[in-house]
Visitor: 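Take this structure, written in structure tokens, and hold onto it; I'll ask about it next.
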Amino acid sequence: MAIDEASAAMVREWLTAAASVAVLTGAGISAESGIPTFRGPGGLWRTYRAEDLATPQAFARDPQLSWEWYDWRRANIATAQPNAGHLALAELERRVPGFTLITQNVDGLHDRAGSRRIQKIHGDIWTLRCTACGCEWRDPRPSLPELPPRCGCGGIPRPGVVWFGEGLPEDIWTAAVEAARTAELMLVVGTSALVYPAAGLVQLAQLAGAKVVEINVAKTPVSALVDLSWRASASIALPQLLQSA
Ligand code: BJW
Ligand code: ZN
């Protein structure tokens, strides 16, 4: 699904004029890399809804089950490749000095595509944090030898992600808010805009005066609020925006 050329041209003009650009991405940008979204088809693992697993309660109840889910996702992500949407955002970062990528995704595909100015507001699936001693490390192995894994102190680590009911990493969230507040243009890509506080960044940017453009294959709660809402896939629309921008 492409975007109509007249709208694309208008957004290219906004892009050229904007001294600062913020992009908010969600699971939809990685869907075409083969990573299931949370709420769409494939949002189910075994018989569990992703939303029921992504909670501290689910981890406390059954760390083994929680780790099986994360191990399955890590293995899937490890074989996935960044798609044209991820690559286009990395290219946009090279072109726009005041660029910030705010991602809700924990998969690391933006990094692998070459993006550097990233605020990962929901953490990173490749990070582990011990629930006993608090130490944190990175483990890039797609499949962990022992589930649940163990920390050197004997405690059970958890994935370094943000679950429902938990606060977002403070410094990262502060930077994301600042980027949204100062953006002259915001792109909202592949997110259902249902999860807060992330979804609130869209309204924050708009109230602060940014033009806001949504790219999503389906309608979302912010579709009616933004300046332009495109029913388009990220891997087609984002490269299209960069053409002679
Ligand atoms: C395509 C496409 C293609 C497909 N191209 N598009 C205010 C109001 C109401 C509730 C709250 C509120 N403030 C806080 C809350 C509570 C809660 C919340 O938001 N609940 C709502 C569900 C109602 N929020 C929290 O608890 C947050 N913490 C917090 O607020 O702390 C303060 C606090 C403390 C104590 C009590 C209360 C507050 C934390 C939220 C953490 C979210 N964590 C997860 C899991 C991360 C770890 C993991 O990966 O396992 O983050 S949940 C999950 O949802 C994940 C995602 O980042 C997040 C957003 O999902 P996303 O990315 O939008 O994916 P989907 O699947 O929903 O949508 C995909 C979209 O792509 C769709 O629209 C498709 O159409 C589209 N698409 N293919 C373009 N090719
Ligand atoms: Zn430990």
Side-chain angles (χ1 to χ4, degrees), residues 1-3 24-45 48-59 66-67 69-74 76-77 83-86 88 102-108 120-137 148-170 173 187-203 213-223 229-239:
M1 256 185 295
I3 50 189
L24 173 66
T25 63
I29 194 167
S30 294
E32 285 167 283
S33 293
I35 300 172
T37 61
F38 288 91
R39 294 164 188 87
L44 203 67
W45 173 76
Y48 305 94
R49 286 189 327 142
E51 279 154 299
D52 297 330
L53 291 165
T55 70
Q57 292 78 13
F59 182 77
S66 176
W67 266 112
W69 182 47
Y70 280 98
D71 206 51
W72 172 78
R73 290 176 55 197
R74 285 163 59 109
N76 181 38
I77 293 165
N83 64 54
H86 297 103
I102 305 163
T103 189
Q104 300 170 81
N105 298 347
V106 299
D107 57 32
K120 296 181 191 171
I121 60 176
H122 290 164
D124 183 337
I125 202 167
W126 302 106
T127 297
L128 274 66
R129 187 167 71 248
C130 180
T131 55
C133 73
C135 75
E136 205 172 283
W137 68 98
R150 289 276 169 186
C151 172
C153 82
I156 298 181
R158 55 165 286 174
V161 300
V162 181
W163 287 323
F164 284 114
E166 295 184 320
L168 277 55
E170 218 175 290
W173 177 244
L187 304 179
V188 183
V189 185
T191 176
S192 58
L194 290 170
V195 173
Y196 280 81
L201 293 172
V202 179
Q203 215 186 351
V213 178
E214 178 183 51
I215 296 171
N216 198 307
V217 292
K219 205 167 143 194
T220 76
V222 301
S223 300
S229 179
W230 276 321
R231 297 286 80 78
S233 78
S235 69
I236 293 179
L238 287 169

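Note that ligands are numbered from 1 as they come in the structure, with each ligand's atoms numbered from 1 the same way. Values below: all heavy atoms of this structure, side chains included; hydrogens, waters and symmetry mates excluded. Because the structure is predicted, anything quoted here is derived from the model rather than measured.
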Visitor: Could you pull out all residues at least two apart from Ala218 that satisfy side chain to side chain contact (heavy atoms under 4.5 Å, CB included)?
Guide: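 For Ala218, the residues satisfying side chain to side chain contact (heavy atoms under 4.5 Å, CB included) (neighbours in sequence not counted) are Asn216.
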Visitor: Taking all non-hydrogen atoms of both residues into account, name the closest pair between Pro169 and Val162 and its distance.
Guide: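 For Pro169 and Val162, the tightest heavy-atom pair comes out as CD-CG2, 3.7 Å.
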Visitor: Quick one about Ser33 and Asn83 (side-chain donor to acceptor, distance below 3.5 Å, no hydrogens or angles considered), yes or no?
Guide: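 Present: a donor and an acceptor within the cut-off.
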Visitor: Please identify which of these residues, Trp163, Trp45, Tyr70, meets the side-chain contact (heavy atoms from CB on, under 4.5 Å) condition with Leu53.
Guide: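 Considering Trp163, Trp45, Tyr70, a side-chain contact (heavy atoms from CB on, under 4.5 Å) with Leu53 is found only for Trp45.
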Visitor: Using a distance threshold of 2.8 Å, what protein N/O/S atoms lie below it relative to the Zn ion (ligand 2)?
Guide: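 Listed by chain and number, the nearby protein N, O or S atoms are Cys130 SG, Cys133 SG, Cys151 SG, Cys153 SG.
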Visitor: Has Glu32 got more than 12 heavy atoms of other residues, nucleotides or ligands less than 6.0 Å from its CD?
Guide: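 Yes - once you tally the heavy atoms of other residues, nucleotides and ligands closer than 6.0 Å, there are more than 12.
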Visitor: Could you please provide the protein residues found below 4.0 Å of ligand 1 on a heavy-atom basis, arranged by chain and number?
Guide: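 Lining ligand 1 at under 4.0 Å, by heavy atoms, one finds Gly26, Ala27, Gly28, Ala31, Glu32, Thr37, Phe38, Arg39, Ala54, Trp69, Tyr70, Arg73, Gln104, Val106, His122, Val161, Val162, Trp163, Phe164, Gly165, Glu166, Gly167, Leu168, Gly190, Thr191, Ser192, Leu194, Val195, Tyr196, Pro197, Asn216, Val217, Ala218, Ala232, Ser233, Ala234.
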Visitor: Can a side-chain donor-acceptor contact be found between Thr25 and His86 if the only test is distance below 3.5 angstrom?
Guide: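 Absent: no donor and acceptor within the cut-off.
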Visitor: Centre of Trp69's six-membered ring, under 6.0 Å away, within 45 degrees of the axis: is that where NZ or CZ of Arg73 sits?
Guide: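 Geometry flag: set, cation within 6.0 Å and 45°.
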Visitor: Can you tell me which residue pairs pass the salt bridge (charged side-chain N to carboxylate O under 4.0 Å, His left out) test with a partner in residues 150-163, sequence neighbours excluded?
Guide: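 Matches after skipping sequence neighbours: Arg158-Glu166.
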Visitor: Does a side chain donor of either Gln104 or Thr191 reach within less than 3.5 Å of an acceptor in the other side chain?
Guide: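 There is such a pair (donor and acceptor under 3.5 Å, judged by atom type) between the side chains of Gln104 and Thr191.
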